[in-house]
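Each remark here refers to the structure printed beneath this line.
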Amino acid sequence: MTDATPEHDPDAAAQLDPSAPLHLETRAIRAGRDDNDTALAPTLWASTTFVTPTVEDGRRMATDVGEPRFYGRYGNPTVNAFEAAIADLEGAESARAFASGMGAVSAVILGLCSSGDHIVAQRQIYSGTQLLLQAVCPRFGIDVTFVDCTEPGAFAAAVRPGKTVLVVAETPANPQLDLVDLAELGSIAGPMTVVDSTFATPLGQRPLEHGVDLVLHSATKALAGHNDASLGVVAGSDELVRWLWGFAVLQGANASPFDAMNGLRGLRTLGVRFERQSSTALRLAEAIEGHPAVSQVRYPGLPSHPQHELARRQMDQFGGLIALDLAGGLEAGCRFVEGTSIAQLATSLGGPETLVTHPASTTHVSLTPEELAAACISPGSIRVSVGLEHPDDVIADIIGSLDALSD
Ligand SMILES: *Cc1c(COP(=O)(O)O)cnc(C)c1O
């Protein structure tokens, strides 16, 4: 044996250094256990209220951020454990969980902005977030400017000094998996910056490392990962999370302990799930790129993605979502989603089952062709959320349904 054998590889030896920081996959398993006694599985604290030992304790508990044993809307041991785990994975001081991803989005936007303030947001963004910015913010006197997130410097150029309070970004973004340059976003001086990192999970990217102020997730998706928890979460500095908590206690969109328990359960396997979804998605994207029924495939891990270099710079793994356009438009889209059998037609993403969506015939069916185009959705746009089935089965199913389009 020579020094070149794996056992003697100095890089491998360095990775086995017992004092090296633990990998994210390991931390996802170990985090959020402080309050778990000797139980290995997450413990469910269903109680909405707790006995207060003394008047003095009560006074303190009513004002302590996230006090776990006072009243459910303020904090809960199971929910706090989920929050602690997310803070650990994102490299944040603190986190606050919500009843849904939109609970988190609305707390950030309405909790941080006031009448007269200005927000810069990207055009390519989750439809719920877009509606909140477009329809709700104006009612509260909050002005919003939408920019193209792929245009270098677009966010900073739209900032109005002294007026812009918040910059709202999402990457990889709905619906076409456009990316935001996190380092550029993190370097914007003045307003607070927030990234919806749902598609990437902390295993794919960690926006706070780039100087972004807040990261949020719809944990309903890959973090909980089993389609059985409605959950959102925001992570950032103690100061910002304390401020958000003050709003969240009044907003009342606090996470349910049951969903937080499922969220924690999901985190334990996030490492293997996300790696599997990312590797199957890359194989699938490569397999269907160039298929005659497909006019375009968008996946950050494909060299043909317009921002592939950026993806390689800021992402460790590219995730399980693929966007594709069918050459046959609306009719092909309907036939394609009805023609798959492993991949099922359902909204949501990040779970064990491969899912397909066809926005033009489902979520966005009421939009005119012009409105569809403005939302970057073409009549043949399909989104695939790659699941955990055997990659060969997923790829064969999708290709089979594509092949059938030309019959
Ligand atoms: C699903 C989703 C949301 C909203 O999350 P809910 O848990 O459904 O409220 C927000 N952002 C992104 C990117 C999402 O995919």
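Whatever order the structure lists them in is the order used to number ligands and atoms, beginning at 1.
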Assess the residue pair Met261 and Thr43 against the criterion (side-chain contact (heavy atoms from CB on, under 4.5 Å)); give the C-alpha distance rounded to whole Å, side-chain angles, the decisive distance to 0.1 Å, and a yes or no.
CA-CA 7 Å; Met261 176 186 73; Thr43 34; over 6 Å; no
With side-chain contact (heavy atoms from CB on, under 4.5 Å) as the criterion, how do Gln307 and Val180 come out once you've worked through the C-alpha distance, each side chain's angles and the decisive distance to 0.1 Å?
CA-CA 9 Å; Gln307 295 168 292; Val180 174; over 6 Å; no
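A cation-pi contact links Lys221 to Tyr126, judged by a cut-off of 6.0 Å to the six-membered ring centre and 45° from its axis.
Taking the six-membered ring for Trp and thresholds of 30 and 60 degrees, Phe318 and Tyr299 have ring planes more than 60 degrees apart, a perpendicular arrangement.
With salt bridges taken as basic N to acidic carboxylate O contacts below 4.0 Å, none links Glu239 and Arg242.
In this structure, the ring pair (Phe, Tyr, Trp, His ring centres under 6.0 Å) partners of Phe70, at least two apart in sequence or on a different chain, are Tyr74.
For ligand 1, the protein residues within 4.0 angstrom (heavy atoms only) are Ser100, Gly101, Met102, Tyr126, Glu170, Asn174, Asp196, Thr198, Phe199, Ser218, Thr220, Lys221, Leu349.
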